[in-house]
*Asks:* 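So that we are looking at the same thing, I have put the structure below in structure tokens.
Every chain is numbered from 1 and lettered A, B, ... according to where its sequence line falls, protein lines coming before strand lines. The model shown is predicted, which means the values in this text are computed figures rather than measured ones.
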Protein chains: 2
Amino acid sequence: MNAVSAPCPAAKPASRREARRHSRRETILDVAAQWFLEHGYDGTTMSAIATALGGSKGTLWNYFPSKDVLFAAVIDQVTTAFREQLLLILNPHDETETALYRFCGELLRKTSSPEAVALYRLVIGEANRFPEVGRIFYERAPLQTRILLAEYLSTAMERGRLRRDDPFRAARELIGLCMCNSHSERLMGLRAAECEDTVAADAEQATRVFLRAYAI
Amino acid sequence: MNAVSAPCPAAKPASRREARRHSRRETILDVAAQWFLEHGYDGTTMSAIATALGGSKGTLWNYFPSKDVLFAAVIDQVTTAFREQLLLILNPHDETETALYRFCGELLRKTSSPEAVALYRLVIGEANRFPEVGRIFYERAPLQTRILLAEYLSTAMERGRLRRDDPFRAARELIGLCMCNSHSERLMGLRAAECEDTVAADAEQATRVFLRAYAI
DNA sequence: TGATTGCCGTACCGTATAGTACGATTTTCT
DNA sequence: AGAAAATCGTACTATACGGTACGGCAATCA
């Protein structure tokens with residue numbers, strides 16, 4: 001068992017310096033993330049980040065040896081945060097329709113937030129220059145979501161609630177039915193935020209079509 | 001009626017100079033398109049384009065007054081070309097299943113080509129800096145495809161081949177079922193080109209699920 | 001053929017930016 | 001308290017890039 005509320009692995013004795021250094025690093029990552037997400041890689045300058053930090057450039061380079069490295073660290077942190085924020089509810093005690101409907105709603109709300117859209121844009125836009133970035137993001141967020149849903153669908157198929165089929169493929173299809181509504185339009189900047197009514201309607205429609213195709 | 005094979009509106013008398021100028025402009029657009037698609041906006045320099053042209057920078061600025069304007073012109077040209085290349089077959093005399101299957105296959109082949117992927121990336125990555133670009137691309141390519149499919153579906157519904165429902169929404173769903181298979185993975189750089197077998201399998205699966213959901 | 005127009009090559013300007021250097025100052029460790 | 005580490009502010013280097021200027025050469029036009 002780990003000690004309770006030990007956020008840091010290997011539990012460094014947390015000398016004052018170490019703690020300060022750690023929190024400073026987090027602050028830098030937060031500020032940098034804001035800039036990268038809002039202005040893209042080239043639109044973000046190290047000087048701007050340093051200024052926004054209220055610190056000097058020397059300090060910035062003390063923590064990250066180059067812009068590339070800082071960017072990679074930001075993507076790492078942001079995708080982790082995104083995955084954690086994307087933990088989705090799939091209550092096995094709910095009616096299948098209800099469970100899926102709620103899942104779709106959550107998925108839509110979270111992937112249509114301005115931050116999520118900015119992250120998608122950044123990852124896709126820099127996929128050429130930083131091939132790692134695409135993989136990291138994909139494996140942390142969309143793939144995890146799909147696995148989670150596939151497990152649920154698998155159980156539902158075994159219990160006779162859904163027609164038996166490849167659950168991993170079915171998961172992809174339900175997610176596709178959700179996202180097809182507006183995700184790419186949003187990525188291209190054609191839609192602002194989504195209102196709750198639209199989300200509910202889209203989630204309901206996706207669930208309905210999916211259930212028709214996978215009825216027993 | 002327009003004159004036959006008059007590619008240029010207002011049919012300039014095509015003095016030698018005018019013709020030369022026109023073709024030069026096309027060449028510039030082609031070269032610039034290659035660079036922008038492969039390296040992105042910031043990764044492309046005007047000097048590089050000029051060198052690739054075999055010409056000088058002065059000439060480049062003679063045709064386009066700034067990098068922004070050149071980029072906009074490139075997007076305009078490339079999206080137009082993409083739309084034309086995306087004209088899809090929907091033969092009303094085929095069996096519904098066959099028509100849709102062929103449509104899906106074509107759609108997949110065309111949207112998964114390296115050039116198409118590069119274009120999607122460019123548009124999405126620069127959606128912040130060039131808000132126009134997203135709209136232009138969307139209205140020319142994805143929206144046209146969707147309208148085309150919706151018209152076909154509408155007819156099929158009227159003829160009793162498919163369950164009556166909103167054809168425009170149904171079109172979005174079929175396209176979503178196609179694209180969900182691999183499009184976003186490709187945008188993030190996780191897949192290379194697609195082999196024909198995969199395309200066929202994906203098209204078949206999308207058609208099957210769609211038809212189950214929209215059976216009469 | 002003579003005037004015009006466009007193109008090439010190259011040098012140049014101004015600016016922006018990643019990254020460095022360094023001395024002064026503050027914070028932390030022992 | 002005194003040593004060590006981190007931070008700050010600022011000035012600086014090197015480079016890259018968008019865009020301009022200009023003199024000479026080739027194609028085009030009338």
*Asks:* What integer distance in Å separates B:F64:CZ from D:dT20:P?
*Replies:* 15 Å
*Asks:* Give a yes/no verdict on a cation-pi contact between A:R21 and A:Y63, requiring under 6.0 Å between NZ or CZ and the six-membered ring centre and an angle within 45° of the axis.
*Replies:* yes
*Asks:* I'd like to compare against my own output: the B/S/- annotation of nucleotides 5-22 of chain C with a strict under-4.0 Å heavy-atom distance to protein.
*Replies:* S-SBB-------SBBB--
*Asks:* Where do B:M188 and A:Y138 come nearest, in terms of heavy atoms and distance?
*Replies:* SD-CB, 4.1 Å
*Asks:* Does A:F137 have its ring centroid less than 6.0 Å away from the ring centroid of A:Y120?
*Replies:* yes
*Asks:* Between B:F103 and B:Y152, is the ring centre distance below 6.0 Å?
*Replies:* no
*Asks:* Kindly indicate whether a cation-pi arrangement holds for A:K110 with A:F82, taking the cut-offs as under 6.0 Å to the six-membered ring centre and within 45° of the axis.
*Replies:* no
